[in-house]
Engineer: 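Starting off with a structure, shown below.
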Amino acid sequence: VMPTIAARLKSERKRLAFTQAEMAEHCGISREVWCRYEQGRGLPGSEVLQLFLKAGGDVHFVLSGESPAEETLLIERFRACPRVLQDAILRALKTEH
């Protein structure tokens with residue numbers, strides 16, 4: 001059974017280590033409204049989703065349920081690398097095989 005948008009909003013909030021109140025503040029809404037979203041008693045509009053994205057939320061995952069774990073892990077590890085290693089990785093990816 002595929003998780004609902006509500007469940008994915010909650011999982012993204014937890015992944016980002018925000019309380020409901022903190023996420024609501026980031027999204028310009030009350031904690032009560034955010035709670036309704038997580039309970040499936042309403043859907044966030046585009047303005048809320050834009051602010052959710054700016055707070056680090058994965059809007060594509062929330063809406064579609066699709067989040068290739070390998071790609072997410074790759075991006076997180078790439079971002080954590082020193083710049084010199086990032087440059088080497090990018091050079092390697094540009095190489096024709």
Engineer: Are the aromatic rings of His26 and Phe52 close, with centres under 6.0 Å apart?
Structural biologist: no

Engineer: How close do Gly40 and Ala6 get, counting heavy atoms only, and between which atoms?
Structural biologist: N-CB, 3.5 Å

Engineer: Let me have the donor-acceptor pairs involving side chains of residues 43-50, under 3.5 Å, with sequence neighbours excluded, atom names and distances please.
Structural biologist:
none

Engineer: Would a hydrophobic clustering, with Ile, Leu, Val, Met, Phe, Trp and Tyr connected at side-chain separations under 4.5 Å, put Leu9 with Val33?
Structural biologist: yes

Engineer: Drop me the distance from Ser64's OG to Asp58's CG, to the nearest 0.5 angstrom.
Structural biologist: 7.5 Å

Engineer: Are Leu90 and Phe78 packed together at the side-chain level, in the sense that at least one heavy-atom pair is separated by less than 4.5 angstrom?
Structural biologist: yes

Engineer: Could you note down all residue pairs passing salt bridge (Lys or Arg N to Asp or Glu O under 4.0 Å) where residues 12-27 supplies at least one of them, sequence neighbours left out?
Structural biologist: Glu12-Arg15, Arg13-Glu38

Engineer: For residues 76-91, which residue pairs pass the salt bridge (Lys or Arg N to Asp or Glu O under 4.0 Å) check, not counting sequence neighbours?
Structural biologist: Arg83-Asp87

Engineer: Working to the nearest 0.5 Å, report the span between CG of Leu74 and CD1 of Ile89.
Structural biologist: 7.5 Å

Engineer: For Phe61 versus Ser11, what's the shortest heavy-atom pair and its separation?
Structural biologist: CE2-OG, 3.6 Å

Engineer: Measuring from atom CE of Met23 to atom SG of Cys35, what distance do you get when rounded to the nearest 0.5 angstrom?
Structural biologist: 12.5 Å

Engineer: Let me confirm one number: the OG1-NZ distance from Thr4 to Lys10, rounded to the nearest 0.5 Å.
Structural biologist: 10.0 Å

Engineer: Under 4.5 Å between side-chain heavy atoms, hopping through other hydrophobics if needed: is there a path connecting Leu63 to Tyr37?
Structural biologist: yes

Engineer: Using the rule that two of Ile, Leu, Val, Met, Phe, Trp, Tyr join whenever any of their side-chain heavy atoms come within less than 4.5 Å, decide whether Leu16 and Ile5 are in one cluster.
Structural biologist: yes

Engineer: Taking atom CD1 of Ile29 and atom CH2 of Trp34, what is their separation to the nearest 0.5 Å?
Structural biologist: 6.0 Å

Engineer: Taking Arg31 for its side chain and Ala21 for its backbone only, find out whether a donor-acceptor pair lies under 3.5 Å.
Structural biologist: no

